[in-house]
Every structure is written in C-alpha cells, then in structure tokens.
Amino acid sequence: MEATCLPRIYVSASAKASSGLASCASTSNTGNSSWRRFSCLRNSRIGVMESLQMSQNFEFNNWRHTKMSKKSVACVQVLRAKLNDTERKTHDDDDEYPWPQKFGTEDLEGSPLPFLSRFKPLPNKPKTVTLPFEIPLLEIEKNINKIRETAKATGMDFSEQVNELQRKYDEMRKELYGQLSPVQRLSVARHPHRPTFLEHILNITDKWLELHGDRAGCDDPAIVTGIGTIDGMSFMFIGHQKGRNTKENIYRNFAMPGPEGYRKALRMMRHAEHHGFPILTFVDTPGAYAGLHAEEHGQGEAIAKNLREMFGLRVPIITTVIGEGGSGGALGIGCCDKMLMLENSVYFVASPEACAAILWRTADAAPKATEAMKITAHELVELDVVDEVVKEPLGGAHGDPYSASQNLKEAIMRHMKDLLKLDPDSLLKHRKAKFRKIGAVQEGVKLDPRFKRKMKPRDAHLDGEQPPQMT
Amino acid sequence: MLHIKFSKQNKSVCEECGNHLSMDSMERIKPSIDPNTWIPLDEDTNSKDVLSFCDEESYENRLIRSQEKTGLPEAVQTGIGYSNGTLIAPGVMDFQFMGGSMGSAVGEKITRLIEYATQKLLPLVLVCASGGARMQEGTVSLMQMAKISSALHYYQVQKKLLYISILTYPTTGGVTASFGMLGDIIIAESKAYIAFASKRVIEETLGQKVPDGFQLAEALFENGLLDLIVPRILIKGVLSEISDLYSSVPYRKN
C-alpha cells in the first residue's frame, strides 16, 4: 500500500468481531500499537468510503458499477484477511479518541492530520433502504438473485435469462432516475444513506483538518467547519452534518444547528477572510433548530448576523446544497457568489409538510405542496436562484458517493477558477447583484385606488423637490 | 371590553393592562410623521405570482382579495418624512395583509427604501410585523431575506448609518432572522410576540412545552436580545432623542 499524503482512515482494532469495517486486527510486531494505517486509494476509481464498504459483501448494484484497480483489489484483500482474523485486541477508549494510546514508528510516518479526524467509517454496514418508487427495481433484483441461486444449486446455465433481466433492470433504472418527480427527488434528498458533508469532504480533499468551537461556550455538532486542500489549494469548508445512523443523528441533532452553530460558522468565515481562504459551504439541513434553548439564545439574531456579514466577506464563497436546504437554517451559511445544487437536492422556504398543514390545512397535501412550491434544483435554476445543477450518478448520490463527490469537485473548482480572477470589490458587488435581482414584482401600472385607500398619501409640499428618484 | 374609538385614541393600547394591540400601518405612520412632510415610495409595487401557485385558492386571487379587504397593495408601506424635525426613512409593515408575510414585493420595497436612505444618508426605521416568509412565493421569498441583509450591510457596515428596528406584535420567522434583529438599536413594544420558530412549531415538532410568556418582548429583554422596550405613546419622542444622540457624536471618521 502506498503511504502518500492522502486522507487516511484509521481503522480501530477495538471493534468486535461482528462489526466488519472498522475492525482490523493488530498483527504488527510493534507490540502495543493496536492500529493499522489504511491508505486512501488515490489512483483507483473508488474512494475511501467505498473501498472500505466493498470489503464486505457490497450491494449488487454498486458492485456492478464500480471498477477496481489492481492496487485497490490488493488493499481490499489485505483488509478482508484482517477482518477474518478472530484474534482482536480491545481498545477501551476507541469511541473517544481516534488516536492510539501509544504511537508506533510507522504511525508517525506521513501526515498526522488523519489522527485528528473523529469521523470514521461506520462499524456496522447500514441496512438497505428502498424508496417507494424503487420497488419495481427491487423485484427484478430479487428475481435475478433467485435465478443465480438456482443456477448455483442445479449447475444449469441460466446466463441468458440473467442477462435479459439485467438489461431490463438497467433500462428501468435509467428511465426511473432520468425522470424523477419533485416528490421523488425530495425522498432522495432525505435518503438516510445520502452522502453527508464529511463524506464528500473526505472524497474531494487531499488534506482535511476540522476546527471547532465558537469561542463562546459551545461547539455545535450540527455544523462542521475546517480547512482542507483541493488540488493543492486551501479552502475553508463549512457545512451541516447529518448523521449516518440514528445514534449519529442524535449527536448531530439531525443537522439542525442552534445559534451557537451559526456563530461558529461566522467565526470561521471571518477567520477565512482574514487569512485568505475562499469559503465553500455545504447545505444539508431540514432547518434551524426550533427549540427553547435556541430561542433563548437568539436563533433569529444569529442567522440575521450571518446573512449580513456574509455580504461583506472579501473572499469567494460557493454554496452547494447537497441534501435538503431548509429555509433560514440553510440561508444562514448560504449567501454566496455561486449557488450550486446536486441534482436531487431541494431548497425550500418551509418544509412541504409545514406548508401543507398551513395552506391546505392537512398534512396529507404534502405531495401537492412539494409540486407547487418548486423546490427542486432544475426548477430553481429556471427561477434564477441557483447557478448550476451538479449531475448525480444514476441511482442518486447514495448509490455511488465517490462519483457524486467528483462531479461536485469538478463543478466547484470550475466556478472557483472564475471567482478567483475577481478582485474583492468586484466580488462583493457581484454577490450583492446576484441576490438583488431575485424577486418578481409588478409595477409601472397605477393600481386601483381602492387597493391603496389605507396607504398614507403624499402630502409633502417641499418646494423644488421632485418625487424620489433612485439614481 | 374596549370601545374602538377610545382604543384608537389611546393608540390601541389597553388602558387597564397596558397590552399593546396590533395596529395597522396607516395608524402608525400618521401620528409619527410631521404633517405635510410624507412622500411615499413605490406605491404601485405589488406581488406577482412567480410560481403560479395554487393551493385552495390561486395566489393571484388571494392577493386581489387581500388588497380589496385591507386597502393596501402590499404588506409594507415605505416612504420618507420628517419626524420632530428630522428627516427619516420609515418602513412600516402591516400584519393585516396576508399575515404580514414577506414576499418579493415587500423585499423589493424595503431594499429600495434602504438604498434610498443610503444615497440620501437618512436614518432608517423599520417597524416589523410579520408571520414570516410568504410560502406562495417559495424560495424566491426566502432570498428576500438575503437581499435585504445585503442592502443593510452596505448601509450599516460600509456607510455606518443608523438603523433602528421596532419589533411589534407579532414578529416571527424570516423577518426575525433577517432585518428584524439587525438594528443598531432594537426596540420592542411591550408584550410583543417575537420569535424565530413560533410556539406551535416548537410544540408540534419537538413536543417541548413552551412556558407562558416565553417569546414575549420582556423575556427576550431578560435574555439580552433587545435594547429597549418602549411603550407606544413614547416611540416618536424616543426615536427623535436617539437620532439626536447619534448625530451629536464628536468623533466621526468615515
């Protein structure tokens, strides 16, 4: 395995035998070191997360659509061998500290940054979730598996049928995912296995260092901030982090930040401006946290301050909506020079459920609300709110996270190259103009006086003063 | 029981308990602005149905119905006028028009007011009364928060001009999370309901019981989120005193 300066995932030896991914036996001769470094496979066509997941029996769909280079195959074989090893040492502090109790000499080679990242692969492979519109695909997949098993059991050759069904599966998948309705896109945006902010980061950055705290008493886990490099260029990354399972979601508060999260984001944005980091923000939140604690500590004020300050930051800002963009909670880190959205992500002013409850007076009208509010990426591009839609691989980002991250990286770098050519004053003007033009009003037509009867009419008789003109 | 005429004479404040009832924009502007000095801005600007939205009734029809019923084209009145001899740029929101919801027209009118005040170097006063962003305009109405905040950034941070926001009953949602809480001085009326997430949202989504008086102006004052709570009858005087205090600064390097 190569030891290059790539994001490395440290695989702990403490996980029990049943938990596949993160358990890796220590067979090193360095004695106390119970950790094994596992390099990211830069030159392969699969990313960090995928390579680790593929060490288990990965899903039929994803296995088919990824290719592994010889190096990655070798790495995975080594890891698989370790996973089958039954002698494991426990490490009591595994959940708290991602670094080993004692460092061996090999641990000190290369960059120490990965030791500081507490974001590790999940110990248990998450259960597959099928969305309602994917059920026909699931049935074909079951049939294919049945035929394969029969072929195995009887030894007869069913390859023709399998190929036929496979072809049908591919066609249906392409058709389904090529024309998703807004309701279906919303369900994909909220998919429990949709790649989270940190998963994207680890797939697109060469180096990553998470920074914490608002320096005022709190470190909100719902907003993650840090600095990293893409293609050798350093950026400040700020984003909402959802959990990958229930336990993480509770820790991350379902990516609903409180005022402390926004103050942490503002501190990091000011830090970025001070040092010259362009800012990349990633939005993935159902909304800002609406709890008693948040209200007491000034949730509205924290968001408002962020909105105002973001328009004065003299560094380029690119915002990408990678999942759900929930109203003010999303806008709190979303005032940008360029707004990008992943194909299946949504950005709404009020969740369709809330909108249905208020306007239609029944939560059952949520699908109607989703269609009416025009919350998907393509619709927002037409409304001139979003600058570009980043394509997701077929099957949604959760099907092929690495490709989704690479598409995202390519789009971000392309826009960043253009923005880096502008000087700070032009950048601020451009950002202001981007938002200034959003809005549709009717004017130039004198309204019926009945509709203005409660307005205070002009009564000023200032000599020589013309009616107010905007220059 | 309050007789309307006597209530209006007392600026819609209950004499017994001091509760400030909601007041429409005309009633706020009339006593606050010196006679024969008011110039309204953007009187004919009103909303367009940008999403072709239709719930139980189409958005266009809802607009026309509200306009007929309230006698206002939109949920905010903006203009310039003298108040106790100082030229100010007030914008007054009105809860009666579609719950004071902030759509493109409200965003545009307020942004133009701020831009005008920036050009003419006038102090800005925005009276907020809103139920939040206008859902019928979707994400476009959400972006109005950013639009107004960007105009305020230029006004407050670069030009260093004075902006006073007055929060009245009720101020919730998008307005609290944008210009409502960005005032250099934030004044609230007594017992005004000021919140980001309303009581119903907190109780329904999180099941947390909201104590009485939780999101009233007095509670926010205790938590350090407001500068002043001013009774309605004193607002005009307080505003002119504040203007005087800010204009008498001896050390102003712009």
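Order of the sequence lines sets the chain letters (A, B, ...), proteins ahead of strands, with each chain counted from 1.
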Side chain / backbone / both / neither for [X] at chain B, heavy atoms under 4.5 Å:
X	result
A:Leu292	both
A:Ala350	side chain
A:Phe348	backbone
A:Cys335	side chain
A:Lys368	neither
A:Leu380	side chain
A:Leu331	side chain

Partner of B:Ser25 by side chain to side chain donor-acceptor pair (under 3.5 Å), out of B:Asp94, B:Thr78, B:Thr70: B:Asp94

Name the member of [options] that forms the most heavy-atom pairs with chain A at distances under 4.5 Å.
options	result
B:Met145, B:Lys30, B:Glu56, B:Glu68	B:Glu68
B:Asn46, B:Leu225, B:Ile33	B:Asn46
B:Val140, B:Val50, B:Leu72, B:Leu152	B:Leu72
B:Met181, B:Glu57, B:Gln67	B:Gln67
B:Ile148, B:Thr176, B:Ile194, B:Thr139	B:Thr139
B:Thr111, B:Val92, B:Val157, B:Ile64	B:Thr111

At a 4.5 Å cut-off on heavy atoms, which part of B:Gln156 comes close to chain A: side chain, backbone, both, or neither? side chain

B:Val201 portion near chain A, given a 4.5 angstrom heavy-atom threshold: side chain

Is any NZ, NE, NH1 or NH2 atom of the basic residue among [X] and [Y] found under 4.0 Å from an Asp or Glu carboxylate oxygen of the other?
X	Y	result
B:Lys48	A:Glu443	no
B:Glu108	A:Arg436	yes
A:Asp337	A:Arg431	yes

side-chain contact (heavy atoms from CB on, under 4.5 Å) with A:Met339: which of A:Asp387, A:Ile317, A:Val381? A:Asp387

Can A:Lys432 be said to sit on top of A:Phe311's aromatic six-ring, NZ or CZ under 6.0 Å from centre and within 45° of the ring axis? no

Check whether any side-chain N or O of B:Gln144 sits under 3.5 Å from a backbone N or O of A:Ile438 as a donor-acceptor pair, and report yes or no. yes

Do B:Val127 and B:Met93 have side-chain heavy atoms sitting under 4.5 Å apart?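 No, too far: nothing below the 4.5 Å cut-off.
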
Interface residue of largest heavy-atom contact number with chain B, from A:Leu383, A:Leu428, A:Asn306, under 4.5 Å: A:Leu383

Who wins among A:Glu296, A:Met373, A:Glu301 for the most heavy-atom pairs under 4.5 Å with chain B? A:Glu296

Say you draw a straight line from OG1 of A:Thr370 to CD1 of A:Ile375; how long is it, rounded to the nearest 0.5 Å?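 That separation rounds to 5.0 Å.
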
If you take all heavy atoms of B:Lys147 and A:Phe435, which pair is closest and at what distance?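 Residues B:Lys147 and A:Phe435, closest heavy atoms: CD-O, 3.3 Å.
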
